Q: 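Right, I'll just put the structure down here and ask away after.
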Amino acid sequence: MRWVTISVVGIGGSLRAGSQSERALGVVLAGAAEAGAKTTALVGAELVLPFYDPGVGERTGAALRLVEALRGADGVVLVSPGYHGTVSGLVKNALDYVEDLREDERVYLDGRAVGCVATAAGWQAAVNTLSALRSITHALRAWPTPLGVAVNTLQTRFGEDGECSDPSVPDALRLIGRQVVEFAANRAATDG
Ligand SMILES: Cc1cc2nc3c(=O)[nH]c(=O)nc-3n(C[C@H](O)[C@H](O)[C@H](O)COP(=O)(O)O)c2cc1C
């Protein structure tokens, strides 16, 4: 078996100080790192990009960084807050830039595992946002991990270092990170 370093890129969070979705993303990436991956997080202000315009070829530095990170990723983690019942505009606009991978040999996120997590101040938006992220993953020709997590932030809070009021939640988030890495490692071994 060929030994490769798996690269996992996490995208998400919000512009809010103390963003719960950003903290949740950090826990998923910690799980990926424990499984041996090199991780990169693009969060909050790093996702402030011009509205994606298919007719405009120029890219800002931040947009190029996002696209190149995703192009080189073996696995991806998406974490969005639920805004009015679904994925926030910040996260969705960032994901629209995956369109720049349309002409790649490995089109969009083809063949990659994507771990999805949603946070919201209630179950309805949390679950629907998780479901939306998993649908977007399918549209991008990728594989949602078996486990996804919806976090109700009225009941569960993350502290500054990712510590959580409900220890079962970080356990589940780290498992998502491991699932992303396991899938990527299996693909790498098969493609060998
Ligand atoms: C513009 C906006 C819309 C929101 N809409 C919903 C919603 O429809 N349902 C819900 O449960 N929470 C909603 N929330 C609450 C957030 O989803 C929740 O506080 C989330 O944990 C915020 O994530 P963050 O800490 O990463 O910013 C909304 C918050 C904002 C700012």
Side-chain angles (χ1 to χ4, degrees), residues 8-34 37 39-52 60 62-63 65-66 69-70 73 75-98 109 113-140 142 144-145 147-180:
V8 175
V9 174
I11 290 173
S14 74
L15 299 177
R16 221 173 52 77
S19 164
Q20 293 291 297
S21 50
E22 179 176 331
R23 290 176 180 178
L25 175 58
V27 179
V28 180
L29 291 181
E34 283 158 20
T39 65
T40 305
L42 293 170
V43 294
E46 293 167 293
L47 303 179
V48 176
L49 311 173
F51 280 123
Y52 184 78
T60 63
R65 181 158 184 255
L66 174 78
L70 287 172
V76 175
V77 176
L78 303 177
V79 185
S80 178
Y83 276 12
H84 306 150
T86 190
V87 177
S88 71
L90 184 81
V91 172
K92 184 60 177 70
N93 187 49
L95 289 173
D96 288 349
Y97 278 83
V98 179
L109 299 179
V114 178
C116 298
V117 175
T119 70
W123 288 116
Q124 181 168 290
V127 169
N128 196 58
T129 301
L130 174 62
S131 177
L133 288 172
R134 290 168 71 89
S135 292
I136 291 168
T137 298
H138 283 140
L140 298 177
T145 52
L147 183 64
V149 171
V151 180
N152 181 339
T153 53
L154 291 184
Q155 298 177 0
T156 303
R157 302 296 298 177
F158 293 95
E160 261 180 56
D161 300 320
E163 74 276 14
C164 187
S165 59
D166 176 350
S168 69
V169 174
D171 284 352
L173 294 177
R174 278 197 297 274
L175 176 54
I176 291 178
R178 291 202 300 278
Q179 288 184 342
V180 170

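When a ligand or atom number is given, it counts from 1 through the structure's own listing order. This is a predicted model, so every value here is computed, not measured. Residues take their numbers from the sequence shown, with the count starting at 1.
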Q: Salt bridge (charged side-chain N to carboxylate O under 4.0 Å, His left out): which pairs involve residues 80-91, sequence neighbours left out?
A: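 Counting only pairs at least two positions apart or across chains, no salt bridge (charged side-chain N to carboxylate O under 4.0 Å, His left out) contact touches residues 80-91.
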Q: Side-chain contact test, heavy atoms from C-beta onward, threshold under 4.5 Å: evaluate it for Val117 versus Leu25 and give yes or no.
A: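 A side-chain contact is absent here, since even the closest heavy-atom pair is not under 4.5 Å.
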Q: Is a side-chain donor or acceptor of Thr153 paired with a backbone partner of Ala120 at a separation under 3.5 angstrom?
A: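 Yes: the side chain of Thr153 pairs with the backbone of Ala120.
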Q: Please table the atom pairs, donor to acceptor, closer than 3.5 Å between any side-chain atom in residues 170-180 and protein atoms at least two apart or in another chain.
A:
from   : atom 1 : to     : atom 2 : distance (Å)
Asp171 : OD1    : Arg174 : NH2    : 3.0
Gln179 : OE1    : Leu147 : N      : 3.1

Q: Determine whether Val91 and Tyr83 make a side-chain contact, defined as any pair of heavy atoms from C-beta on separated by less than 4.5 Å.
A: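 When only atoms from C-beta onward are counted, Tyr83 and Val91 do not touch, as no gap falls below 4.5 Å.
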Q: Nearest to atom 26 (O) of ligand 1, what protein heavy atom do you find, and at what distance?
A: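 Scanning the protein heavy atoms, the shortest distance from atom 26 (O) of ligand 1 goes to Ser21 OG, 2.5 Å.
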Q: Measuring from the heavy atoms of Gly85, does anything fall under 4.0 Å of ligand 1?
A: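 Checking ligand 1 against Gly85, which is what was asked, there is a heavy-atom contact under 4.0 Å.
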Q: Is the shortest side-chain heavy-atom distance between Val27 and Arg23 below 4.5 Å?
A: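 Val27 does not reach Arg23 side chain to side chain.
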Q: Rounded at 0.5 Å granularity, tell me how far CG in Leu90 sits from CD in Glu46.
A: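 Between Leu90 CG and Glu46 CD, I get 11.0 Å after rounding to 0.5 Å.
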Q: Considering non-hydrogen atoms of the protein only, which is the closest contact for atom 27 (O) of ligand 1, and what is the distance?
A: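 Among all protein heavy atoms, the one nearest atom 27 (O) of ligand 1 is Ser14 OG, 2.6 Å.
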Q: With a 4.5 Å cut-off on side-chain heavy atoms, are Phe158 and Val151 touching?
A: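 In short, these two side chains touch, coming nearer than 4.5 Å.
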Q: Which option out of Gly82, Ala121, Gly122 puts a heavy atom nearest to atom 4 (C) of ligand 1?
A: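 Among Gly82, Ala121, Gly122, the closest heavy atom to atom 4 (C) of ligand 1 belongs to Gly82.
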Q: Record the part of Arg16 in heavy-atom contact with ligand 1 below 4.0 Å; permitted values are side chain, backbone, both and neither.
A: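 Answer for Arg16: side chain.
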Q: With nothing but distance in play, are any N or O atoms of Ala125 less than 3.5 Å from an N or O of ligand 1?
A: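 No; the residue has no nitrogen or oxygen that sits under 3.5 Å from a nitrogen or oxygen of the ligand.
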Q: Report yes if some N/O of Tyr83 lies less than 3.5 Å from some N/O of ligand 1; otherwise report no.
A: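 No; the residue has no nitrogen or oxygen that sits under 3.5 Å from a nitrogen or oxygen of the ligand.
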Q: Of all the non-hydrogen atoms in the protein, which one sits nearest to atom 5 (N) of ligand 1, and at what distance?
A: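 Result for atom 5 (N) of ligand 1: His84 N, 2.8 Å.
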Q: Identify the closest protein heavy atom to atom 23 (O) of ligand 1: which residue and atom is it, and at what distance?
A: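 Going by distance alone, atom 23 (O) of ligand 1 is nearest to Pro81 CB, 3.3 Å.
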Q: Among all protein heavy atoms, pick the one closest to atom 20 (C) of ligand 1 and tell me residue, atom and distance.
A: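 Here the nearest protein heavy atom works out to Thr119 OG1, 3.6 Å.
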Q: Considering only heavy atoms, does Thr153 approach ligand 1 within less than 4.0 Å through its side chain, its backbone, both, or neither?
A: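 For Thr153, the contact with ligand 1 is made by the side chain alone.
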